[in-house]
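Heads up, the thing below is written out as structure tokens.
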Amino acid sequence: MFAKDLSFIGWDEVKRRQLDRLSLVPQWIELTNLSAGMTVMDIGPGPGVFTRKYATVVGKRGKVYSIEKSPLALEFLQNEVKNVDNVDVRLADAEHGLVDVPQPDVVFVTDVLHHTDSPRDVLENIFGLVHSTSKVLIAEYDPEGDGKTGPPLEHRLDAKHFIKWATDVGFSVESTSTQDYEHYYLLLRRTKL
Ligand SMILES: C[S@@+](CC[C@H](N)C(=O)[O-])C[C@H]1O[C@@H](n2cnc3c(N)ncnc32)[C@H](O)[C@@H]1O
């Protein structure tokens with residue numbers, strides 16, 4: 001069973017699934033050159049296991065803005081990061097616009113876009129926010145995977161669609177590859193002025 005709003009599982013279970021996939025994060029951090037002092041936008045953080053990792057890397061001089069559309073996920077997340085000073089949690093739907101935050105150095109959108117109705121709109125909204133040196137990291141479940149973990153194959157989005165949407169919007173694809181846990185990533189940079 002699958003529903004885009006994750007109503008078929010609780011946020012504790014979403015957290016457990018994030019912990020299972022934690023080993024994907026170091027490569028995302030390396031690909032985006034995430035480092036101390038940077039500003040991150042984490043779109044669709046869910047329970048925030050990965051958010052906390054990004055917060056540790058950017059440190060006290062950096063900041064993570066977490067943009068979450070589900071009020072229940074937001075409540076869960078706020079509790080998870082209540083002792084983390086450099087995470088700012090906002091309730092917003094990235095399909096309909098991004099809240100007023102400083103230009104991010106890095107945007108993470110991991111395992112979010114197959115939960116949205118229009119991934120292209122999210123990409124457009126990110127495009128409007130980033131500068132030409134910002135890195136945008138998208139990660140998704142691969143429809144070519146074996147379907148043993150994650151959303152059913154028919155709910156997954158092909159990387160080819162993202163490449164088309166991203167380039168239409170004005171990004172270039174700096175790199176893309178498959179990863180463990182039936183994942184692939186796309187690293188985007190804004191090239192159109
Ligand atoms: C499966 S969780 C992924 C969490 C985390 N990014 C990860 O990689 O594990 C998807 C999260 O994205 C949120 N989400 C879905 N659509 C969104 C949107 N349009 N704007 C902001 N958050 C969204 C959901 O509410 C949920 O918390």
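Whatever order the structure lists them in is the order used to number ligands and atoms, beginning at 1.
Of the heavy atoms in A92, only backbone atoms (N, CA, C, O) come closer than 4.0 Å to ligand 1. Residue contacts with ligand 1, taken as heavy atom pairs separated by less than 4.0 Å, involve F50 solely via side-chain atoms from C-beta onward. Within the 4.0 Å heavy-atom criterion, neither part of P47 lies near ligand 1. Contacts between R17 and ligand 1 below 4.0 angstrom, taking non-hydrogen atoms only, are absent altogether. Under 4.0 angstrom from ligand 1, there are no non-hydrogen atoms of W28.
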Query raised in the report: What do the steps show when you test F108 against F50 for ring pair (Phe, Tyr, Trp, His ring centres under 6.0 Å), and what is the final call?
Result: CA-CA 10 Å; F108 292 106; F50 302 164; 9.3 Å; no
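Residues V81 and Y65 do not share a hydrophobic cluster, defined by chaining ILVMFWY side chains whose heavy atoms lie under 4.5 Å apart.
The protein heavy atom nearest to atom 5 (C) of ligand 1 is Q18 NE2, 3.1 Å. At the shortest separation from atom 25 (O) of ligand 1 among protein heavy atoms lies E68 OE2, 2.5 Å. Atom 16 (N) of ligand 1 has as its closest protein heavy atom T116 CG2, 3.6 Å. In this structure, the protein non-hydrogen atom closest to atom 20 (N) of ligand 1 is A94 N, 2.9 Å. Annotation: atom 14 (N) of ligand 1 to nearest protein heavy atom, V112 CG1, 4.0 Å. Distance from atom 12 (O) of ligand 1 to its nearest protein heavy atom, with residue and atom name: G44 CA, 3.3 Å. Protein heavy atom nearest atom 19 (N) of ligand 1, with residue, atom name and distance: D93 OD1, 2.7 Å. For atom 22 (N) of ligand 1, the nearest protein heavy atom (residue, atom name, distance) is K69 N, 3.3 Å.
The shortest heavy-atom distance from H96 to ligand 1 is not under 4.0 Å.
Not a single N or O atom of H115, backbone or side chain, sits closer than 3.5 Å to an N or O atom of ligand 1.
Between Y184 and F162, the angle of the ring planes lies from 30° to 60°, which puts this pair in the tilted group.
Donor-acceptor pairing under 3.5 Å is lacking for the side chains of D158 and H161.
Cation-pi geometry between R190 and F127 is met: the NZ or CZ atom falls under 6.0 Å from the ring centre, inside 45° of the normal.
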